[in-house]
Amino acid sequence: MEQQNRVEITMESRSVNEQFARMAVAAFIAPLDPSVSELTDIKTAVSEAVTNAIIHGYEHTPGEVRLSLSCEGRCLTVEVSDDGAGIENIPDAMQPLFTTKPELERSGMGFTVMENFMDEVRVISEKGKGTAVVMKRKLS
Ligand SMILES: Nc1ncnc2c1ncn2[C@@H]1O[C@H](COP(=O)(O)OP(=O)(O)O)[C@@H](O)[C@H]1O
Ligand SMILES: [Mg+2]
């Protein structure tokens, strides 16, 4: 039987909500009985996108981060969006090691992690308006 489901969560842009987002996506895909590695990959990708919204989108100022989860059968779609700073040049930003905050740990590898752990990563962004990251992963 084809399963369809959708959940949307709106969070304040606080670092503590990165963990919330990880647990929310884990709970969302629990009925699909993911493998341990699928679970780890997906949680990590979501946490990278949420962290980016908080630290780059809003630079730790108050704002709204939206996490939208949906599945069709075993295909998961996750969208993380913010109304923050936006990205000037998306292809540059997605290059491994590219960062506008070189002082941070593991700098510049967030999008690379998302691309390695998910089947598809699409970024929609406009400078000054915000960013949406849409990621897809088919569970085995
Ligand atoms: N939600 C976002 N809003 C604004 N800029 C972003 C966002 N997500 C990513 N970026 C930009 O893309 C760059 C690369 O992101 P990433 O690969 O996660 O590396 P890092 O977070 O270590 O800088 C960031 O340095 C930032 O300039
Ligand atoms: Mg990052």
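The model shown is predicted, which means the values in this text are computed figures rather than measured ones. Order of appearance sets the numbers: ligands from 1, and atoms from 1 within every ligand.
Here the rule is side chain to side chain contact (heavy atoms under 4.5 Å, CB included) with V65, and of V80, T10, N17 only V80 fits it.
The hydrophobic cluster containing F20 also contains V133, counting ILVMFWY residues as joined when their side-chain heavy atoms lie under 4.5 angstrom apart, directly or transitively.
The shortest heavy-atom contact between A30 and P34 is O-CD, 4.0 Å. Nearest heavy-atom pair, D119 versus K138, reported as atom, atom and distance to 0.1 Å: OD2-N, 2.7 Å. Listed here is the closest heavy atom pair of S13 and T61: OG-O, 2.7 Å. Between S125 and G130 the shortest heavy-atom distance is OG-O, 3.1 Å.
For atom 22 (O) of ligand 1, the closest non-hydrogen atom on the protein side is G108 N, 2.6 Å. Atom 8 (N) of ligand 1 has its closest protein heavy atom at N52 CB, 3.3 Å. The nearest protein atom to atom 10 (N) of ligand 1, hydrogens excluded, is given as I87 CD1, 3.7 Å; this is a heavy-atom distance. Among protein heavy atoms, atom 17 (O) of ligand 1 sits closest to F111 N, 2.9 Å. With hydrogens left out, the protein atom closest to atom 16 (P) of ligand 1 is G110 N, 3.6 Å, a heavy atom.
The heavy atom nearest to atom 26 (C) of ligand 1, out of those in T100, V80, T112, is found in T100. Nearest-residue assignment for atom 7 (C) of ligand 1 (options H56, M114, K127; heavy-atom criterion): H56. Nearest-residue assignment for atom 1 (N) of ligand 1 (options T51, V65, D82; heavy-atom criterion): D82. Of the listed options A85, S81, A93, G86, A93 places a heavy atom closest to atom 12 (O) of ligand 1.
For the pair M114/N52, a side-chain contact is recorded, criterion being any heavy-atom separation below 4.5 Å from C-beta on. Taking the side chain as every heavy atom from C-beta outward, I42 and M118 approach each other to under 4.5 Å.
Heavy-atom contacts of A53 reach the following atoms of ligand 1: 1 (N) (cutoff under 4.0 Å). Heavy-atom proximity to S107, at under 4.0 Å, picks out these atoms of ligand 1: 22 (O). Interface atoms of ligand 1 facing T131, defined by a heavy-atom separation under 4.0 Å, are 1 (N), 2 (C), 3 (N).
The number of heavy atoms from other shown groups lying within 6.0 Å of NZ (K127) is above 12.
A salt bridge links E59 to K101: one of the charged nitrogens lies within less than 4.0 Å of a carboxylate oxygen.
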**Report entry** Step-by-step side-chain contact (heavy atoms from CB on, under 4.5 Å) determination, E38 to L32
**Finding:** CA-CA 11 Å; E38 285 171 335; L32 300 173; over 6 Å; no
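Without hydrogens or angle criteria, T131 side chain to G84 main chain gives no donor-acceptor distance under 3.5 Å.
Around the Mg ion (ligand 2), the protein atoms of type N, O or S that sit closer than 2.8 Å are N52 OD1.
When heavy-atom distances to ligand 1 are checked against a 4.0 Å cut-off, T99 comes that close through both its backbone and its side chain.
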